[in-house]
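Please read the structure below before turning to the comments.
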Amino acid sequence: MNNEMMKEQVIRMSGVNPLKCMRCGKCSGTCPSYDEMEYHPHQFVYMVEKGEIDKLMASPSIYKCLSCFACVERCPRDVEPAKLVEAIRLMVVRQQGQNHLKANEIPALLDNDLPQQALVTAFRKYTK
Amino acid sequence: MVFSYYPGCTLKTKAKDLDRYARASAEALGITLNELENWQCCGGAFTMARDEIATKLSSVRALEASRETGLVTLCSACHNVIKQTNHAMANDEEFAMKVNNYMKLDTPYHGETKVIHYLEMLRDVVGFDKLAAAVKNPLKGKKIAAYYGCLLLRPGKVLGMDNPENPQIIEDFIRAIGGTPVIYPYRNECCGGYMATEDKALASKKSTLVMDSAAENGADMMITACPLCLYNLTKNASGALPVYYFTELLAEALGVKE
Amino acid sequence: MQRIGVFVCWCGSNIAATVDVQAVSDALAKEPGVVYSTNYQYMCSEAGQNMIKNAIKEYNLTGVVVCSCSPRMHEATFRKTVAAAGLNPYMLEVANIREQCSWIHKDKEAGTEKAIVLGRTAIAKVQLNAPLQAGESPVVKRALVIGGGIAGIQTALDIAEAGFDVDIVEKNPTIGGKMTQIDKTFPTLDCAACILTPKMVDCAQNEKIHIYSYSEVESVKGFVGNFTVSIKKKARYVDENKCTGCGECTTKCPMKNVPNEFNLGMDNRRAIYIPFAQAVPKVATIDPNYCNMLKNGKCGLCAKVCGAGAIDYKQQDQIVEEKYGAIVVATGYNPIKLDKFDEFGYSLSKDVITSLEFERLTNAAGPTSGTLLRPSDGKHPHTIVFVQCVGSRDTSGCGKPYCSKICCMYTAKHAMLTREKYPDTDVYVFYIDVRSPGKNYDEFYRRAVEQYGVHYIKGMVGKVAPRADGKIMVQASDLLADEQLHIEADLVVLAAAIEPDKSARPLATMLTASMDTNDFFTEAHAKLRPVESPTAGIFLSGACQGPKDIPDTVSQASAAAAKVIGLLVKDKLTTNPCVAQSNEMMCNGCSSCERVCPYGAITYVDKEFRMPDRTTRVRRVASVNPAVCQGCGACTVACPSGAMDLKGFSNSQIMAEVDAICQMK
């Protein structure tokens, strides 16, 4: 797949228009996962605009978004960067054999108190 | 008043207290919560992609079944997923068309159901003044830090519950049950959420930040509406503040906690 | 039947590129009544105008249609042209084939077709045109300036300098506006009060200037040259003529805890107060919301201590009516409220402040007597973070979509002054872009960086979290270093967006002056008529028209004054002959027109009419005062019997135009 087509796909899935971004960096200033990410929220927006989807798809950053909506809430231009992270992650996990979390890995993650909600959410985020 | 009620998966397992005390309190306040029949798990997270249909169908089923009564949610995550799905059904025509085509409902669904969180029910249906009047054991002298986390309020434009940067609803609730709210800046920052599954260090860092902020502002305890927040704060945060579901304190104040 | 000439303008390539002008003039030549049709490169040029004049004479034209730009641009030009050739100027019609046609179309075929329709429409109208005579109306040689900030002050001084009387209406107890609250001014760093207060005193001492302080405009009637304005002088419970401004009352009043708006609530004043030492007029005012005497009749201390006997608890609001030839709006701006930006912690910590609050904290007359101290604990801040664009350039609905223009420069000023006075202070400025166009502006900002060592960081603050120990955690992005920063600050200063004063919107309604979606007053032309409202006789001064710093404000204030002077020197104004007229035979006296008339131009009179049976009957009919009517046409639409008609835009002319548009090719 080429980057231009993937960019179109990301924009369609997310409903985000990266051209609305004025590059203030507030999303990255507010992101609680910033230190865990290789590419940061503002870079997701800019790299989608540039069409560098392959780089983003190959980055572990896509599994680090907490979906806390802080960037969505605080963006002064309503760009909603989290939706781009989600769209790109989906483009990866929708591929054959690309689930980030596998069922046989679950038992090792469990403890007595871990709520179902955590597993359900992780599955929804990390698998097809 | 009678509402349909959506407990969600965790409230049937690890978060039974959140559910139990909510039901007992609602009854004491004259509200009937009818658990939806055959409800299905919301999935824990709203998938933000517009072309994701299947992951949102369980929410639409719950919404569709509550057209007449309105729907009360309790778990922050369920609340977030169901309200965002409802918003998409009302505002994203293409998405709603695809869902309706698939579901083949007698009457197509377009987001008509009113979804409210249990806290909104207390505020807008019962009224915090009425709630205060119904309190038998006020939590006098208790300094309570409300922890909103991220899912209860955001995105503010979709959830429309309170000011997402300076919310009042849980603080008003705390006052209504006789406690003293503690305002602290990290009450609406993320606890680390589902990342607790694969990155305990991150969850620990984030939840510790939240709990430390509550503690240094003088809180005796924290309350939340989210089982995952409670888990991260009690298991992964390094602080020692007790964390409760807000419904437990509600039941205690109303004198219906067994 | 009129003998009509059609003149199609190319406007260089502005029209000719998307409209086939030859095809238009050929097609229009075939329209009924058209005896001459041509096209030319620039109709507004001298050669173009001569073509029109010559054709009028040569072909005995009785009506002229020019297909060109908007009539807003050149209608007046072409009216003069036809008048010079002996035609009544109202026998001209302009078909707008530029703004409404060539500029908005890409397809030449479609553009041409539309231009022909627009031309045909104008021809249909001019068929029914009748010569109109413009009247005259006198000019009241007095101007009103609404708002007494630096904009209003400068405008008033300049108008007075030219010898005309001018009144300033200021809603606060003193003139001076925002500039009184500012400490120093960029880019020269002179003290704001030092350059402002002499002007305030000039206003007070100028015989031509009358200041209505603590007053508001209640209503505006009339039209250019002849406005009648009601001004409400709010009761200040102090006789302005007796009060000497000694301030004795303001030290004796027992109500000590009234938030002091001059210092933005960071300290307190009394219930009777003089806003600041250099107030003009220097007269005390009693705040009725806090005065015990006014609230429950208990106290009266200020009256006891006043040596001048100026206190008057029984004073009432007073309405003054005055006539003006011109009105200048100078209502200014305010910083926005920050309740939608609590991620920056403004409501959580006293040490998160706005830039205007920062001005007060550094001003000698401020709550800290000019020493920069934290509002919470009175300690010196050692790390200060400035956040720019708080609520500016915000399309999310929380803030304002525009750039507030002044924040980059005053933040540079704040940062620089802090570093100069307190070199042990670390100063960070988070910016999206530094916007410093203006004489010596960029040099000024660079000095903050290079000479004063202010840390400018490209990025935005995402979260401000005050800690219990008094430190404020600032989490922000540093885009150039690709880092998330966590700064332990002592003070955070938010450059809040600015917005027009709330009084502007109701005032615009009173003045029938147009506003944009942000409630800034609209200028008559963005480039060529920047200090005039599209409503005749209304002029704009300062930030009410758009965000402006002091140099821009003063320039525009003087420009507005020049326009006012240009109006007031005239003894008479030519009135617009396109006014409403009632057909008394059809008028049924229902008053619909009177109710909708925004200018109060319509009255009802009882008039005798002879009936078909030769009896006489008295009927109530509408009567239009042509000097007051502005020709807006509201009455013609409201009239249920079709009695009301607008000269130059009659119902039959409008219908002829509609018919021409609907006509099949």
Heavy-atom side-chain proximity of A/Ser14 to B/Arg50 below 4.5 angstrom: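 A side-chain contact is absent here, since even the closest heavy-atom pair is not under 4.5 Å.
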
Side-chain heavy-atom pair B/Tyr118, B/Thr73 within 4.5 angstrom cut-off: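 No, their side chains stay 4.5 Å or more apart.
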
Is chain A contacted by the side chain of [X], its backbone, both, or neither, given a heavy-atom distance below 4.5 Å?
{"X": "B/Asn232", "answer": "neither"}
{"X": "B/Pro164", "answer": "side chain"}
{"X": "B/Glu94", "answer": "neither"}
{"X": "B/Lys200", "answer": "side chain"}
{"X": "B/Cys191", "answer": "neither"}
{"X": "B/Leu228", "answer": "both"}
{"X": "B/Asp92", "answer": "neither"}

Quick one: of [options], who has the most non-hydrogen atom pairs under 4.5 Å with chain B?
{"options": "A/Glu36, A/Glu105, A/Glu80", "value": "A/Glu36"}
{"options": "A/Ala118, A/Ala122, A/Pro115", "value": "A/Pro115"}
{"options": "A/Asp111, A/Leu110, A/Val72, A/Asp35", "value": "A/Asp111"}
{"options": "A/Leu114, A/Leu109, A/Thr30", "value": "A/Leu114"}
{"options": "A/Leu101, A/Val16, A/Asn112", "value": "A/Asn112"}

CE-CD distance between B/Met161 and B/Glu120, expressed to the nearest 0.5 angstrom: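 That separation rounds to 5.0 Å.
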
Among [options], which residue has the highest count of heavy-atom pairs closer than 4.5 Å to chain A?
{"options": "B/Leu209, B/Leu202, B/Val81, B/Thr234", "value": "B/Leu202"}
{"options": "B/Lys235, B/Lys157, B/Glu189, B/Glu198", "value": "B/Glu198"}
{"options": "B/Val158, B/Thr13, B/Asp51", "value": "B/Asp51"}

Do [X] and [Y] meet the criterion of a side-chain donor-acceptor pair at a distance under 3.5 Å?
{"X": "B/Asn217", "Y": "B/Arg187", "result": "no"}
{"X": "B/His110", "Y": "B/Glu93", "result": "no"}
{"X": "B/Tyr109", "Y": "B/Asn86", "result": "yes"}

Where on [X] is there a heavy atom nearer than 4.5 Å to chain B: the side chain, the backbone, both, or neither?
{"X": "A/Leu66", "value": "both"}
{"X": "A/Lys83", "value": "both"}
{"X": "A/Ala70", "value": "both"}
{"X": "A/Glu86", "value": "side chain"}
{"X": "A/Ala82", "value": "both"}

Whether A/Tyr126 and A/Tyr63 hold their rings parallel, tilted or perpendicular, with breakpoints at 30° and 60°: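 A/Tyr126 vs A/Tyr63 ring planes: perpendicular.
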
Parallel, tilted or perpendicular: rings of A/Phe44 and A/Tyr39 (30°, 60°):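 Perpendicular, since the angle between the ring planes exceeds 60°.
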
Criterion side-chain hydrogen bond (donor to acceptor under 3.5 Å, both in side chains) on A/Asn3 and A/Glu52, from CA distance to verdict: CA-CA 6 Å; A/Asn3 266 319; A/Glu52 298 178 344; over 6 Å; no

Contact summary for B/Val243 and B/Leu230, nearest pair of heavy atoms: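 Taking B/Val243 first and B/Leu230 second, the nearest heavy atoms are O-CD1, 3.5 Å.
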
Where A/Cys65 and A/Met37 come nearest, the two heavy atoms and their spacing: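 Taking every non-hydrogen atom into account, N-CE, 4.4 Å.
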
B/Lys56 NZ/CZ over B/Phe95 ring centroid, <6.0 Å and within 45° of normal: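 Cation-pi check for B/Lys56 and B/Phe95: passes.
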
